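See structure below.
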Amino acid sequence: MAIFSVYIINKAGGLIYQFDHNNTRPELEKTFAYPLNLMLKIYDDKVVVAFGECDGIKVGHCVLGINGITAEGRYLQDGREILEVLSTAENYPINIKFGRQKLSTNEKIMLASMFHSLFTIGSQLSPEPRSSGIELLETDVFKLHCHQTMTGIKFIVIADPRQTGVDVFIKRLYEIYADFALKNPFYSLDMPIRCDLFDTNLQQTIEQTERQGINTV
């Protein structure tokens with residue numbers, strides 16, 4: 001069980017805090033013969049699997065390295081273009097490492113803004129008046145929990161589906177926000193949170209939740 005990430009979004013949809021606690025991304029290596037049985041394309045300056053899945057390699061996985069040489073976007077560290085290397089028969093057999101790259105700061109900001117918009121759309125589409133919006137998104141590998149305060153601040157927690165006590169953890173996260181952000185005389189409302197005490201107390205609470213599983217108030 002684990003809590004992967006915490007996001008805090010202000011009422012305008014801006015990302016004001018993000019913390020990755022246990023966001024490891026598995027990597028897969030496989031040796032291929034020519035021709036490559038995966039369809040790859042350039043997306044957001046990365047070489048991504050567009051079609052074909054095998055041995056745990058999924059659509060959306062990025063090329064992270066070839067023959068032990070790390071990938072940097074669409075190029076290898078030695079300057080060679082990845083798609084050109086993979087299209088040359090003389091380079092085979094070839095070992096390719098696949099995985100999901102960590103999100104950049106800009107990508108996290110963009111995703112926070114997108115979720116803010118989806119939250120608003122969900123509230124408007126609800127057949128019930130005064131809908132609270134999206135509170136839970138569930139997949140086979142994670143759950144996204146969202147709590148919006150009366151002032152419009154959204155606390156988002158991405159956790160293992162088996163993790164217990166996330167609702168109570170979000171309440172404690174709100175308390176940490178109130179104690180170490182709102183009561184900080186140097187903090188401006190709706191601005192990015194930069195406070196060592198906030199980070200420390202958040203990490204301690206995450207570790208306690210993972211270790212014990214908080215299921216009572």
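Source: prediction; values computed, not measured.
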Query - Step-by-step side-chain contact (heavy atoms from CB on, under 4.5 Å) determination, Phe98 to Val48 - result: CA-CA 9 Å; Phe98 292 92; Val48 179; over 6 Å; no

Rounded at 0.5 Å granularity, tell me how far [atom1] in [X] sits from [atom2] in [Y].
| X | Y | atom1 | atom2 | result |
| --- | --- | --- | --- | --- |
| Asn184 | Arg194 | CG | CZ | 12.5 Å |
| Thr149 | Ile8 | OG1 | CD1 | 10.0 Å |
| Ile156 | Ser5 | CD1 | OG | 10.5 Å |
| Ile193 | Leu182 | CD1 | CG | 8.0 Å |
| Lys108 | Asn106 | NZ | CG | 11.0 Å |
| Thr209 | Ile3 | OG1 | CD1 | 4.5 Å |

Do [X] and [Y] have side chains that get closer than 4.5 Å, going by heavy atoms?
| X | Y | answer |
| --- | --- | --- |
| Leu103 | Leu111 | yes |
| Met191 | Ile16 | no |
| Leu173 | Val6 | yes |
| Ile94 | Thr31 | no |
| Cys146 | Glu135 | no |

Group every Ile, Leu, Val, Met, Phe, Trp and Tyr by side-chain heavy-atom contacts under 4.5 Å, then state whether [X] and [Y] land in the same group.
| X | Y | answer |
| --- | --- | --- |
| Ile66 | Met39 | no |
| Ile69 | Tyr75 | no |
| Ile158 | Val141 | yes |
| Leu64 | Val47 | no |
| Met114 | Tyr43 | no |

Smallest separation among heavy atoms of [X] and [Y], with atom names:
| X | Y | answer |
| --- | --- | --- |
| Leu28 | Ile57 | CD1-N, 3.7 Å |
| Tyr34 | Thr88 | CE1-C, 4.4 Å |
| Asp44 | Glu107 | OD2-OE2, 3.0 Å |
| Ile153 | Lys11 | CD1-N, 4.3 Å |
| Phe32 | Cys54 | CE2-SG, 4.3 Å |
| His61 | Gly56 | CE1-O, 3.4 Å |

Query raised in the report: How about Gln18 and Asp20: does a side-chain donor come under 3.5 Å of a side-chain acceptor?
Result: yes

Other residues, nucleotides and ligands only: do more than 12 of their heavy atoms fall within 6.0 Å of [atom1] on [X]?
| X | atom1 | result |
| --- | --- | --- |
| Asp196 | CG | no |
| Tyr92 | OH | yes |
| Glu81 | CD | yes |
| Met110 | CE | yes |

Requested in this report: Take Leu118 and Ile134 through the test side-chain contact (heavy atoms from CB on, under 4.5 Å) and record every step on the way to the result.
Outcome: CA-CA 8 Å; Leu118 289 173; Ile134 298 172; 4.2 Å; yes

**Report entry** Criterion ring-ring contact (aromatic ring centres under 6.0 Å, His included) against Tyr17, the qualifying member of Tyr177, Phe198, Tyr7
**Finding:** Phe198

Donor-acceptor contact below 3.5 Å, side chain [X] vs main chain [Y]:
| X | Y | value |
| --- | --- | --- |
| Asn67 | Asn95 | yes |
| Gln163 | Ala2 | yes |
| Ser126 | Ser123 | no |
| Thr139 | Phe142 | yes |

**Report entry** Pair Leu40-Val49, side-chain contact (heavy atoms from CB on, under 4.5 Å): steps then yes or no
**Finding:** CA-CA 5 Å; Leu40 304 176; Val49 178; 3.7 Å; yes

Requested in this report: May I ask you to check whether Tyr187 and Phe180 place their ring centres under 6.0 Å from each other?
Outcome: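 When the ring centroids of Phe180 and Tyr187 are compared, they turn out to be at least 6.0 Å apart.
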
Query raised in the report: Hey, would you say the Phe155 and Tyr174 ring centroids sit under 6.0 Å apart?
Result: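 Distance test on ring centres: under 6.0 Å, yes.
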
Report task. Just do the side-chain contact (heavy atoms from CB on, under 4.5 Å) check on Ile82 and Arg74 with the steps written out, would you? Result -> CA-CA 6 Å; Ile82 291 174; Arg74 65 171 68 186; 5.6 Å; no

Report task. Determine, step by step, whether Lys154 and His147 satisfy the side chain to side chain donor-acceptor pair (under 3.5 Å) criterion, reporting the C-alpha distance in whole Å, the side-chain angles of both residues, the deciding distance to 0.1 Å, and the verdict. Result -> CA-CA 6 Å; Lys154 295 181 183 65; His147 172 70; over 6 Å; no

Requested in this report: Please work out which of the three classes, parallel, tilted or perpendicular, describes the rings of His21 and Phe19, given edges at 30° and 60°.
Outcome: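 Rings of Phe19 and His21: parallel, as their planes differ by under 30°.
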
